[in-house]
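Below you'll find the structure, written out as structure tokens, and then a few comments.
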Amino acid sequence: MKELLRTLISKGLADCYADGSLSSGQFPSIVMETPAHAEHGDFATNVAMLLAKAEKKAPRMVADTLVRHFTDEAGICEKVEIAGPGFINFHLKDAAWRKSLLDIDRLAGDYGKSAVGGGRKIQVEFVSANPTGPLHIGHGRGAALGDTICRLLAFSGWDVTREFYYNDAGQQIANLALSVQARCLGKGPEDPSWPTDGYQGEYIIDVARAYMAGEKVDADDQHVVAAGDPLDLEAIRRFAVAFLRREQDQDLTAFDVHFNVYSLESDLYKDGTVDMVVRRLVESGHTFEQDDALWLRTTSFGDDKDRVMRKSGGGYTYFVPDVAYHLRKWERGFTRVVNEQGADHHSTITRVRAGLQALGAGIPAGWPEYVLHQMVTVLRGGEEVKISKRAGSYVTLRDLIDEVGRDATRFFFVMRKPDSQLVFDIDLAKQKSLDNPVYYVQYAHARICSIFENAAEKGFAVPDAGSVDLDRLTEPEEMALIKAIAAFPEVVEGSAANFEPHRVANYLQEVAGLFHGFYNKNRVITEDSQLTSARLFLLQCVALTLKNALTLLGISAPEKM
RNA sequence: GCGCCUGUGGCUCAGUUGGAUAGAGCAACGGACUUCUAAUCCGUAGGUCAGAGGUUCGAAUCCUCUCAGGCGCGCCA
């Protein structure tokens with residue numbers, strides 16, 4: 001609808017230039033927006049105001065010329081008027097809006113899908129937690145955001161690869177192996193020989209016990225049988241990594257989050273990618289030696305200080321494999337890559353991009369793209385839960401799913417824009433009350449299903465598109481619902497383009513609210529069978545819009561509650 | 001000190017990428033169940049959009065500065 005008006009207006013603009021009534025020859029991109037106030041119509045555009053300066057005419061004059069050259073080919077406009085400083089407001093016929101229900105009904109599960117991605121490849125890397133412990137609440141936010149972004153992109157016609165990258169070889173993993181080994185030998189954190197920076201969490205004991213028992217572990221692409229030898233540190237390392245990866249996978253599966261590809265940092269060393277990248281960086285002339293270390297002149301690419309690549313004691317800093325990994329992503333054909341991470345890792349962005357630029361591989365300066373989410377704080381019983389990873393005292397994703405439920409957890413995580421800090425009030429999320437938006441939205445869907453069931457008992461079925469008389473839908477609540485669900489594709493588009501899942505969450509609350517309002521004022525099942533049919537048809541469209549939107553968030557659309 | 005993010009009714013947050021009179025929910029107050037789920041709805045009240053400048057037809061939105069909070073600033077990841 002919006003698109004149609006946009007083409008009609010630009011056609012009219014072309015006509016204005018053709019007959020000389022306008023002369024600047026400019027074609028500004030036409031913004032068609034939904035006005036905040038109903039009296040301003042269904043859609044409005046500001047082109048006249050944008051053209052006014054170039055035309056050296058008053059905006060309202062330009063608008064007048066445009067309106068006179070506007071032809072409503074599809075016959076959808078009730079009236080077109082000029083208002084305010086020079087807006088052109090379009091009031092659409094109710095009949096035109098009603099007809100949009102036919103498209104919604106026809107598309108059903110595909111309603112809201114688009115082809116903007118054109119089947120092009122895009123990769124989304126998210127979670128990417130190191131296998132040193134269970135996933136915590138911050139990973140949960142990343143998982144919910146990343147997964148929803150993937151769903152949005154896939155729905156928008158992108159060929160999405162979901163990727164998880166983890167460090168299975170660095171210093172942190174060495175500490176992990178030492179911690180597990182200490183537990184194998186029956187030591188605790190209070191023991192004088194407990195490793196410095198060791199992981200103290202209880203879960204380490206579980207890993208040690210499984211290792212000593214010779215258990216077998218399957219996780220992503222790893223299959224490891226415990227050697228059971230407490231002196232074999234390398235065997236312990238491999239087992240611990242696989243064990244904790246499996247734990248994470250189980251949590252992610254419970255959260256309905258799945259990946260296509262797992263990438264290991266160790267592979268980048270094994271297959272020579274890291275060495276190759278270092279060699280190419282040295283050849284690029286952007287490196288220098290100082291204090292026995294090798295540095296990359298990242299300040300040439302916008303960093304505030306240069307960064308060490310190879311430490312004086314040997315070994316690379318973490319950002320070197322990061323650059324290597326991203327070079328591989330580029331070579332794998334991903335001209336678009338999105339990395340979803342916690343904002344505490346913000347500083348890596350400049351470094352990774354600087355490294356890629358220094359390689360001179362023809363990678364655009366703004367590649368890859370990033371979605372950073374701010375910190376999550378947890379409230380339980382009105383008190384903030386302090387987290388300490390080393391001491392093992394923190395709220396895990398698993399705790400949340402078990403306690404709050406998957407649907408509510410996912411909704412809470414994507415409800416706010418990634419840029420804002422999130423206070424996760426566990427008590428609130430658990431409540432089955434008005435405070436809890438998840439139930440509000442799901443209840444709307446369940447309520448509609450309940451109406452269908454009731455209608456069936458009374459002999460009313462949802463009619464098919466051919467036999468319904470949509471002109472019976474005339475109530476303001478009905479029109480408001482129709483307009484709201486007709487906007488769904490635009491919401492998906494904006495949400496996907498900006499990597500902002502919260503837009504879908506807000507939209508759901510809006511549609512649910514309109515439905516509840518309609519429900520309380522109007523009866524669906526009445527003596528008037530034509531009206532009943534029309535309303536059932538409308539509600540079917542509302543229900544499937546709710547369901548499609550909920551599915552994008554990875555949340556169920558229950559038929560009963 | 002430097003970089004990034006945030007600052008919108010008492011609380012939690014939206015705000016269609018610069019549009020018209022800034023919107024929801026919670027909390028407060030007053031109403032609506034012999035009716036398809038009251039896990040709902042309707043109404044009332046509540047605002048110097050942190051502050052000051054600037055950009056223009058027009059700013060919560062863009063620029064500069066100030067203030068407040070969070071995160072980061074390692075030859076850790």
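Please read all numbers here as calculations on a predicted model, not as lab measurements. Letters A, B, ... mirror the listed sequences (proteins, then strands); counts begin at 1.
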Could you walk me through whether A/Y440 and A/H516 pass the ring-ring contact (aromatic ring centres under 6.0 Å, His included) test, one step at a time? CA-CA 9 Å; A/Y440 183 80; A/H516 289 308; 4.8 Å; yes
Evaluation steps, salt bridge (charged side-chain N to carboxylate O under 4.0 Å, His left out), between A/D42 and A/K483: CA-CA 9 Å; A/D42 295 306; A/K483 291 176 184 183; 2.8 Å; yes
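As rounded to whole Å, 15 Å separates atom P of B/C75 from atom CD of A/E289. The distance from atom NE2 of A/H516 to atom C1' of B/C36 is 14 Å, rounded to the nearest whole Å. B/C76 atom P lies 14 Å from atom CZ of A/R310, rounded to whole Å. Spacing between atom CG of A/N436 and atom P of B/G25 amounts to 16 Å, rounded to whole angstrom units. Separating the CG atom of A/D322 from the P atom of B/C76 is a distance of 14 Å, rounded to the nearest angstrom. If you take CE of A/M415 and C1' of B/C26, they are 12 Å apart, rounded to a whole angstrom. For the pair A/I82 CD1 and B/A20 C1', the interatomic distance rounds to 15 Å; values are reported in whole Å.
Taking the ring centroids of A/Y325 and A/Y165, they lie under the 6.0 Å cut-off. The aromatic ring centroids of A/H91 and A/F43 lie 6.0 Å or more from each other.
At least one test fails for A/R351 against the ring of A/F301: distance under 6.0 Å to the centre or angle within 45° of the axis.
For B/U56, there is no paired base (Watson-Crick or G-U wobble, both distances below 3.5 Å). In this entry B/A20 has no Watson-Crick or G-U wobble partner, no candidate having both defining distances under 3.5 Å. Base pairing of B/G46 is not made with any nucleotide, judged by Watson-Crick or G-U wobble geometry with both donor-acceptor distances under 3.5 Å. Figure legend. B/G10 is base-paired to B/C26; pairs are counted as Watson-Crick or G-U wobble with both atom distances under 3.5 Å. Under the Watson-Crick and G-U wobble criteria, each requiring two contacts below 3.5 Å, nucleotide B/C65 is paired to B/G51. Pairing for B/G3 is with B/C71, a Watson-Crick or G-U wobble pair whose two hydrogen-bonding atom distances lie under 3.5 Å.
Take the nearest nucleotide of RNA chain B for A/Y318 and for A/H37: the residue whose nucleotide is more 5' is A/H37. Comparing A/K417 and A/E39 against RNA chain B, the residue whose closest nucleotide sits nearer the 5' end is A/K417.
Which of B/A77, B/C75, B/C36 sits closest to the side chain of A/A293 comes down to B/C75. The nucleotide whose nearest atom lies closest to any side-chain atom of A/W295 is, among B/G70, B/G74, B/C75, B/C75. In the set B/U6, B/A77, B/C57, the nucleotide with an atom closest to the side chain of A/T317 is B/A77. Here the nucleotide nearest the side chain of A/V308, chosen from B/A14, B/C75, B/G19, is B/C75.
Between the side chain of A/S347 and the base of B/C73, no donor-acceptor pair under 3.5 Å is found. Looking at A/D344, its side chain has no donor and acceptor atom pair within 3.5 Å of the base of B/A77. Judged by distance alone, with hydrogens and angles left aside, A/N46 brings a side-chain donor or acceptor within reach of the base of B/G19, the pair sitting under 3.5 Å.
Base orientation of B/C33: syn (glycosidic angle within 90° of 0).
Contact annotation: A/Y439 does not reach the phosphate of B/A38 (side-chain N/O to OP1 or OP2, under 4.0 Å). For A/K53, a side-chain nitrogen or oxygen approaches OP1 or OP2 of B/C57 to under 4.0 Å. Proximity of A/R447 to the phosphate of B/A38: a side-chain N or O atom is located under 4.0 Å from OP1 or OP2. Close to B/G74, at under 4.0 Å from its OP1 or OP2, lies a side-chain N or O of A/K305. Contact between the side-chain N/O atoms of A/H502 and the OP1/OP2 oxygens of B/G15 is found at a separation under 4.0 Å.
Below 30°, between 30° and 60°, or above 60°: for A/Y166 and A/Y262 the angle between ring planes is above 60°, a perpendicular geometry. A/F515 and A/Y519 have tilted rings, their planes meeting at an angle from 30° to 60° on a 0 to 90° scale.
B/A20 has A/H40 stacked on its base ring, the centres lying under 5.5 angstrom apart and the planes within 30 degrees of parallel. A distance cut-off of 5.5 Å between ring centres, combined with a plane angle under 30°, leaves A/F87 outside any stacking arrangement with the base of B/G19.
If you take atom P in B/A32 and the same atom in B/G18, they sit 47 Å apart, rounded to whole Å. Rounded to the nearest Å, the gap between the C1' atom of B/G69 and that of B/G30 is 38 Å. Nucleotides B/G7 and B/U61 place their C1' atoms 14 Å apart, quoted to the nearest Å.
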